[in-house]
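Values in this document were obtained by computation on a predicted structure and should not be read as measured data. Along the sequence shown, residues are numbered consecutively beginning with 1.
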Amino acid sequence: CGVGGGGGVVWFFFFFFKQKTAYEIYQCDWSSDVCSSDLYRWISRATLLILIVIVGLGVGFTNYWARYRKDQIIKAAGASTSGLAQRLTDTVIRTAQVADALTQSSVLRVVLSSSTRHNLAQAGYVLSRYCRNFDMAVCYLFNTQGLVIASSNQGTPYSFVGKNYSFSPYFKQAIQGLPGRYFSRGATSDNRGFYASVPLRDQQGKIIGVVAVKKNIDHLEKDFRSFSYAFLIDHNGVIDRKSTRLNSSHTDISRMPSS
């Protein structure tokens, strides 16, 4: 406050201080170490929370990426195997169609009833022409006992003429009136192939012989080898294989019965 007098003013200043009691002093007023401890705990909890969030996000992203890559691999493998299956199916269908077409030849029916040298030569020519034009390995004609009467390779060291294949599954199927379909390694040529056979009937519908066609499948080797594991499977299990490993419970075509 100010007091006037004698042409001047005298100012007096009063200062008031409040003494804190022990109950009113905050914890950080007592010791800076105590305050630092609280800060450390807060930082630790915040860091832990951040780590938990990061780990959670990482696990979630990893699972998502794994599922995504798995789906991509399955799709890619499906596309590749579908292409391989289509090429194999085309081979099977084409071979069967050639066998069916041969049954329309009257020359083959004639040679079964009259096996003269002329008829045998004519039959061999027809079989060779079909084999060459449709890129088959061999075409041949059985009588009802399973004996080869004529073949496209007659006159060669690998001729089937005079050989009996009555034991072969594809002959047994055809002689019963069914279309024969079989994968195996050839008994004479030792080449792996697909066999298609059909019964040959006379005008009354009686089975008088069997026409068989073989298509080598070695050209599919590179297609199968593009996979680490690739198997050709029928209703009995694996019957062909182009991979480096094979479960012992499966059958390798190289060990299948010759036909």
Using every non-hydrogen atom in the two residues, find where I207 and Q176 come nearest and quote the distance to one decimal. CD1-C, 4.3 Å

Taking D202's backbone N and O only, do any of them form a donor-acceptor pair with R109's side chain (distance below 3.5 Å, no angle check)? no

Validation row: Q122, V126 side chains within 4.5 angstrom (heavy atoms): no

Side-chain heavy atoms under 4.5 angstrom apart, residues restricted to Ile, Leu, Val, Met, Phe, Trp, Tyr: same cluster for V111 and I208? yes

Quick one: pull up OH in Y140 and OG in S152 and give me the separation to the nearest 0.5 Å. 9.5 Å

Side chains of C131 and R129: closer than 4.5 Å at any heavy-atom pair? no

V110: which other cluster members, linking ILVMFWY side chains closer than 4.5 Å, directly or transitively? none

Donor-acceptor pair, distance only, cut-off 3.5 Å: does the side chain of N119 make one with the backbone of S115? no

Strictly distance-based, threshold 3.5 Å: is any side-chain N or O of T144 a donor or acceptor partner for the main-chain N or O of G209? no

I149 versus V161: any side-chain heavy-atom pair under 4.5 Å? no

Rounded to the nearest 0.5 Å, what's the gap from OG1 on T62 to CG on L57? Could you check? 10.5 Å

Does L102 reach the side chain of L108, with side-chain heavy atoms less than 4.5 Å apart? yes

How far apart are the closest heavy atoms of Y170 and S197, and which atoms are they? O-OG, 2.6 Å

All heavy atoms of F142 vs all of L112, minimum pair found to be O-CD2, 3.7 Å

Please confirm whether the backbone N or O of Y158 pairs with a side-chain atom of N153, one donor and one acceptor, at under 3.5 Å? yes

When F194 is tested against each of R94, R181, K214 for side-chain contact (heavy atoms from CB on, under 4.5 Å), which residue passes? R181

Could you identify which residues cluster with I54, counting Ile, Leu, Val, Met, Phe, Trp and Tyr as linked when any side-chain heavy atoms lie under 4.5 Å apart, either directly or through a chain of such contacts? I50

Would you call the rings of Y165 and F160 parallel, tilted or perpendicular, where under 30° means parallel and over 60° means perpendicular? perpendicular

Is any side-chain heavy atom of S151 closer than 4.5 Å to one of C139? no

Any K172 side-chain heavy atom under 4.5 Å of L178 side chain: no

Quick one: list whatever passes ring-ring contact (aromatic ring centres under 6.0 Å, His included) with Y125, sequence neighbours left out. none

What is the distance from atom CG of L127 to atom CZ of R132, rounded to the nearest 0.5 Å? 11.5 Å

